[in-house]
Amino acid sequence: MSDDQEVKIRGPLVPVKGIPLSEHIANHYSNVLAFCPDPSDLLIATYPKAGTTWVQETVDLLLHNGNIEICKRASTPIRMPFLENSKRPGIPSGIDLLKTMDPPRVIKTHLPFQLIPKGFWENKCKVIYVARNAKDNLVSYFHFDQMNVTHPDPGPWEHYVQKFMRGQVAWGSWYDHVKSYWEEREKRNILYLFYEDMKENPQREVERIMRYLDLSLPDDVISRIVELTSFENMKENPMANYSFMPRCIFDQSLCTFMRKGQVGDWMNHFTPEQSAEFDEDYQKKMKHVYIPFRSHF
Ligand code: PPS
């Protein structure tokens with residue numbers, strides 16, 4: 001069977017321990033669960049569309065002293081394997097790729113806390129979690145689900161808002177995801193970042209990541225990393241902008257992966273009525289925990 005034939009267009013979501021995942025990921029989850037990381041491995045965990053690629057690029061540059069040529073050695077998912085992803089055209093499964101790499105490795109995941117292989121916690125791996133305010137995250141996911149033709153069709157905007165609120169999208173409920181890592185962050189030494197903080201003051205956030213990784217880089221290198229990881233520069237970087245993904249997975253003629261990179265784009269999508277309904281539902285779902293999200297500056 002060729003790689004192309006393995007890709008199911010608009011495939012269904014299949015629950016794993018109650019979390020809806022793409023079928024190809026759900027079918028291979030037992031391999032993921034059996035994965036045991038090295039204590040030196042770093043996990044970058046996010047709900048989809050929260051700023052994963054941005055933090056991945058930042059971390060890779062920090063680990064390579066801001067050297068962009070080294071960071072262009074391969075595309076993002078080859079440099080930093082996507083833990084739960086199965087084999088895709090031109091990209092081995094995350095697990096197979098990890099077997100070819102020596103620790104320390106940087107690993108991406110969208111799995112909620114309860115689906116993470118427990119070796120990450122037993123081995124006290126460092127974990128960076130990035131969260132993005134719910135409304136912008138939803139807007140970004142809506143566009144992504146149009147462009148990622150392996151995900152279920154997002155349908156019209158007003159239906160998608162309801163699906164997101166019910167957690168009926170790949171990797172499940174945004175609310176449960178952000179809460180699960182928030183509640184564990186101190187016990188597990190998780191660095192919990194916000195997309196909005198990175199937009200507001202990228203220098204400060206790059207330095208936070210640097211300190212978490214026990215690195216110490218001079219100011220000019222930090223400034224260079226901030227510049228190299230700007231939205232504009234990453235949009236033009238073929239190793240970070242997912243232009244390498246075949247059209248049978250990401251059809252970027254529908255929407256580019258590097259779409260807008262803004263805080264507050266939700267205001268261009270939600271009607272006042274939708275926003276009010278969303279906020280009321282949000283208060284109920286988030287009432288037991290305060291996470292300092294900002295949906296505009
Ligand atoms: S994925 O598919 O889950 O890994 O996507 P992810 O990388 O988490 O999120 C993609 C969104 O992040 C935006 N992005 C950035 N914003 C600001 N600065 C930089 N450097 C940057 N890189 C990626 C990207 O544009 C997506 O957001 P939207 O709102 O759709 O533009």
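Read the numbers this way: they start at 1 and go in the same order the structure lists the ligands and their atoms. We use all heavy atoms of the structure for the numbers below, so side chains are in, but hydrogens, waters and symmetry mates are not. Keep in mind that what you see is a predicted model, and the values were worked out from it rather than measured.
Looking at Arg79 and Glu57, a side-chain N of the basic residue comes within less than 4.0 Å of a carboxylate O on the acidic one, giving a salt bridge.
Side-chain contact annotation: Ser253 with Arg247, donor-acceptor N/O pair under 3.5 Å present.
Evaluation of the side-chain hydrogen bond (donor to acceptor under 3.5 Å, both in side chains) rule for Tyr242 yields no partner, not counting sequence neighbours.
Minimum heavy-atom separation, Gln203 to Ser223: OE1-OG, 3.9 Å.
Protein residues with a heavy atom closer than 4.0 Å to ligand 1 are Pro48, Lys49, Ala50, Gly51, Thr52, Thr53, Trp54, Lys108, His110, Arg132, Ser140, Phe144, Tyr195, Thr229, Ser230, Phe231, Met234, Phe257, Met258, Arg259, Lys260, Gly261, listed by chain and number.
Geometrically, Lys49 engages Phe257 in a cation-pi contact defined by less than 6.0 Å to the ring centre and at most 45° from the axis.
Across Trp182, Tyr129, Trp121, a single residue satisfies ring-ring contact (aromatic ring centres under 6.0 Å, His included) together with Phe113, and that is Trp121.
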